[in-house]
Amino acid sequence: MSQLSLQSTYKLVTGYEIPVVGFGVYQTPPDVTEKVTLKALELGYRHVDSAKVYGNEVESAAAIRKSGLDRSKVFYTTKVPKSSMGYDNAKKAISESIAAANLGYIDLVLIHAPYGGKEARLGTWRALVEAQKAGHIRSIGVSNFGITQLEELEDYIKSGGGGEIAVGQYEIHPWCPREDVAEWLQKRNVVVEAYSPLVQATRMNEPILQTLSKKHGKTPAQVLVRWSLQKGYVPLPKSVTDSRILENSQVFDFTLSEEDMASLKLDEYAPVCWDPVRDCKI
């Protein structure tokens, strides 16, 4: 773990590489997205996580094109929104995202949430598999799926539906650990991504974080990103402030001990975002 760097990667089940930390642009206004994403790429990030519903796909991808980096060196993700579930709707949304990115291909497209019912979920997956086979998308996966929906999708894939779940993306941090879902995914070599790994800055004054921050001479945000990395996840910290974008990446020069990690095992379930994992029952 101590040998990792911002350019380190994990291998996906599709054979492609995914950088171990991503730069998130959730709630980043379109008019600043290009600027901050360019800054992140300049600082060494090689992984940008956008979504159709964020309204900043065009700007995120423009930053990748303008960075001067070889296209193959930057991993770009977007997502099919819950308003585009179902085969026909998803096909249209995927085409729009491919056009908006204008990057030649998209590294990863996720189903953003499991809403819409079984037929819509599986139809959306079918549309992703087709786009992947056509070479427009390299890897596909899901976000916010509970174990019930993951098993439904796994059954569909095994019965000839095609594709492989390469990534599962969830709100994950010590106050929303989702260990059951993470374990299900990791058993199948699915890479787990953690969005809102900084708990949207709502927990920075927690005594345990302050203690670990002082112990390691690191900020609470850096402790949280490091926690995520040591769990084997791909954290997706976001910021629009240059100094914090840098800070969130400076997490490779210290290690949380077993005792530190144990102290962050909290008996709490307090997501700060929406919670389709729990809310979506069908």
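The figures that follow rest on heavy atoms only: side chains count, while hydrogens, waters and symmetry mates do not. Throughout, residue positions are numbered sequentially from 1 according to the sequence presented.
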Margin query: If you compare all heavy atoms of Pro177 against all heavy atoms of Pro174, which two are closest, and at what distance to 0.1 Å?
Written below: CD-O, 3.8 Å

Next item on the list: Answer yes when Glu179 and Lys265 have at least one side-chain N-carboxylate O distance shorter than 4.0 Å, and no when they do not.
Entry: yes

Margin query: Holding to side-chain contact (heavy atoms from CB on, under 4.5 Å), I want the full list of residues that pass it with Pro29, two or more places apart in sequence or in another chain.
Written below: Asp31, Val32

Next item on the list: Would you kindly confirm whether Ile64 and Val58 end up in one hydrophobic cluster when ILVMFWY residues are joined by side chain heavy atoms under 4.5 Å apart?
Entry: no

Notebook entry, point to check: Do Val167 and Ile165 come within less than 4.5 Å of each other through their side chains, counting heavy atoms only?
Noted result: no

Notebook entry, point to check: Any side-chain donor-acceptor pair under 3.5 Å between Ser263 and Asp260?
Noted result: no

Next item on the list: Please lay out, stage by stage, how Leu110 and Glu193 fare under the test side-chain contact (heavy atoms from CB on, under 4.5 Å).
Entry: CA-CA 11 Å; Leu110 305 173; Glu193 291 186 329; 4.2 Å; yes

Notebook entry, point to check: Can you check side-chain contact (heavy atoms from CB on, under 4.5 Å) on Val272 and Glu171, steps first, answer last?
Noted result: CA-CA 8 Å; Val272 286; Glu171 178 185 343; 3.3 Å; yes

Notebook entry, point to check: Can you get from Leu38 to Tyr45 by hopping between Ile, Leu, Val, Met, Phe, Trp and Tyr side chains that sit under 4.5 Å apart?
Noted result: no

Notebook entry, point to check: If you draw a 6.0 Å radius around CD in Glu268, do more than 12 non-hydrogen atoms from other residues or ligands fall strictly inside?
Noted result: yes

Item checked: Smallest separation among heavy atoms of Met85 and Ala113, with atom names -> CE-O, 3.6 Å

Margin query: I need the Ser243 OG to Asn248 CG distance, nearest 0.5 Å.
Written below: 9.0 Å

Check: Is there a donor in the side chain of Tyr269 and an acceptor in the side chain of Asp275, or the other way round, less than 3.5 Å apart?
Finding: yes

Next item on the list: Please determine if Glu59 and Lys35 form a salt bridge, counting it only when a charged side-chain N lies under 4.0 Å from a carboxylate O.
Entry: no

Note to self: Checking Glu57 against Ser97: is there a side-chain donor and acceptor pair closer than 3.5 Å?
What the structure shows: yes

Check: Which class fits the ring pair His216 and Phe254: parallel under 30°, tilted 30 to 60°, perpendicular over 60°?
Finding: tilted

Item checked: Over all atoms of both residues, closest heavy-atom pair of Tyr16 and Ser139 -> CD1-OG, 3.9 Å

Margin query: Taking the basic N atoms (NZ, or NE/NH1/NH2) and the acidic carboxylate oxygens, is any pair closer than 4.0 Å for Asp253 and Arg226?
Written below: no

Notebook entry, point to check: Between the main-chain N or O of Tyr26 and the side-chain N or O of Lys238, is there a donor-acceptor pair closer than 3.5 Å?
Noted result: yes

Notebook entry, point to check: Under 3.5 Å, is there a donor-acceptor pair between the side chain of Ser84 and the main chain of Val80?
Noted result: no

Item checked: SB check Lys39 Glu42 (cutoff 4.0 Å) -> yes

Margin query: If you compare all heavy atoms of Pro114 against all heavy atoms of Pro276, which two are closest, and at what distance to 0.1 Å?
Written below: CD-CB, 3.8 Å

Note to self: Check the orientation of Trp274 and Tyr115. Use parallel for under 30°, tilted for 30 to 60°, and perpendicular for over 60°.
What the structure shows: tilted

Note to self: When you compare the side chain of Tyr10 with that of Asn189, does any pair of heavy atoms fall below 4.5 Å?
What the structure shows: no

Next item on the list: Mark yes or no for whether Asn144, through its side chain, and Tyr170, through its backbone, hold a donor-acceptor pair below 3.5 Å.
Entry: no

Note to self: Would you say that Phe75 contacts Leu12 through its side chain, given a criterion of any heavy-atom pair below 4.5 Å between the two side chains?
What the structure shows: yes

Item checked: Atom CZ of Arg244: over 12 foreign heavy atoms under 6.0 Å -> no

Margin query: If we check side chain to side chain contact (heavy atoms under 4.5 Å, CB included) with Arg46, which of these qualifies: Val21, Leu69, Leu6?
Written below: Leu69

Notebook entry, point to check: Could you go step by step and tell me if Val74 and Asp107 meet the side-chain contact (heavy atoms from CB on, under 4.5 Å) rule?
Noted result: CA-CA 9 Å; Val74 185; Asp107 295 276; over 6 Å; no

Notebook entry, point to check: With a 3.5 Å cut-off and no angle check, do the side chains of Gln169 and Asp49 form a donor-acceptor pair?
Noted result: yes

Notebook entry, point to check: Are Trp227 and Leu209 close enough that some pair of their side-chain heavy atoms sits under 4.5 Å apart?
Noted result: no

Next item on the list: Determine, using the 4.5 Å side-chain heavy-atom cutoff (strictly less than), whether Val225 and Met261 are members of one ILVMFWY cluster.
Entry: yes

Item checked: Over all atoms of both residues, closest heavy-atom pair of Val25 and Ser60 -> CG2-OG, 3.7 Å

Check: With a cut-off of 6.0 Å (strictly less than), are more than 12 heavy atoms of other residues, nucleotides or ligands near NZ of Lys66?
Finding: no

Next item on the list: Over all heavy atoms of both residues, which pair between Gln132 and Gly163 is shortest? Give the atoms and the distance, please.
Entry: OE1-CA, 4.2 Å

Notebook entry, point to check: Within the distance-only criterion (no hydrogens, no angle test), does the side chain of Gln149 pair as donor or acceptor with the backbone N or O of Gly146 below 3.5 angstrom?
Noted result: yes

Check: Can you find a heavy atom in the side chain of Thr77 that is under 4.5 Å from one in the side chain of Val48?
Finding: no

Margin query: So that I can tick it off, tell me whether Lys218 and Glu247 are bridged by a salt bridge, with the cut-off set at under 4.0 angstrom between side-chain N and carboxylate O.
Written below: no

Notebook entry, point to check: How long is the span from the OG atom in Ser83 to the NZ atom in Lys52, to the nearest 0.5 Å?
Noted result: 8.0 Å

Check: Short question: side chain of His47, backbone of Pro19 - any donor-acceptor pair under 3.5 Å?
Finding: yes

Checklist line | Side-chain ion pair, Arg121 and Glu152, N-O less than 4.0 Å | finding: yes

Notebook entry, point to check: Taking atom NZ of Lys215 and atom OG of Ser257, what is their separation to the nearest 0.5 Å?
Noted result: 4.0 Å

Checklist line | Side chain to side chain, His173 and Leu198, heavy atoms closer than 4.5 Å | finding: no

Notebook entry, point to check: Got Lys79 and Val109 here, is their nearest side-chain heavy-atom distance under 4.5 Å?
Noted result: no

Check: Can you check side-chain contact (heavy atoms from CB on, under 4.5 Å) on Ile157 and Trp125, steps first, answer last?
Finding: CA-CA 9 Å; Ile157 291 167; Trp125 184 258; 3.6 Å; yes

Next item on the list: Decide whether Val13 and Val234 are clustered together by the hydrophobic rule: side chain heavy atoms of Ile, Leu, Val, Met, Phe, Trp, Tyr closer than 4.5 Å, transitively.
Entry: no

Item checked: Residue from Thr78, Asn56, Thr37, Thr33 passing side chain to side chain donor-acceptor pair (under 3.5 Å) with Ser50 -> Asn56

Item checked: Distance (rounded to the nearest 0.5 Å) between Tyr87 OH and Leu128 CG -> 11.0 Å

Margin query: I'd like to know whether CD of Glu119 has more than 12 heavy-atom contacts from other residues, nucleotides or ligands below 6.0 angstrom.
Written below: no

Item checked: Approximate separation, where rounding is to 0.5 Å, of Phe145 CZ and Leu150 CG -> 7.0 Å

Next item on the list: Assess Arg71 against Tyr105: is NZ or CZ under 6.0 Å from the centre of the six-membered ring, and within 45 degrees of the ring's axis?
Entry: yes

Check: When rounded to the nearest 0.5 angstrom, what is the spacing between CG in Leu236 and CD1 in Ile172?
Finding: 10.0 Å

Checklist line | Main-chain N/O of Gly86 paired to Thr124 side chain as donor or acceptor, under 3.5 Å | finding: yes

Check: Do Leu103 and Arg65 touch side chain to side chain, with heavy atoms closer than 4.5 Å?
Finding: yes

Check: Are Thr219 and Gln222 linked by a side-chain donor-acceptor pair shorter than 3.5 Å?
Finding: yes

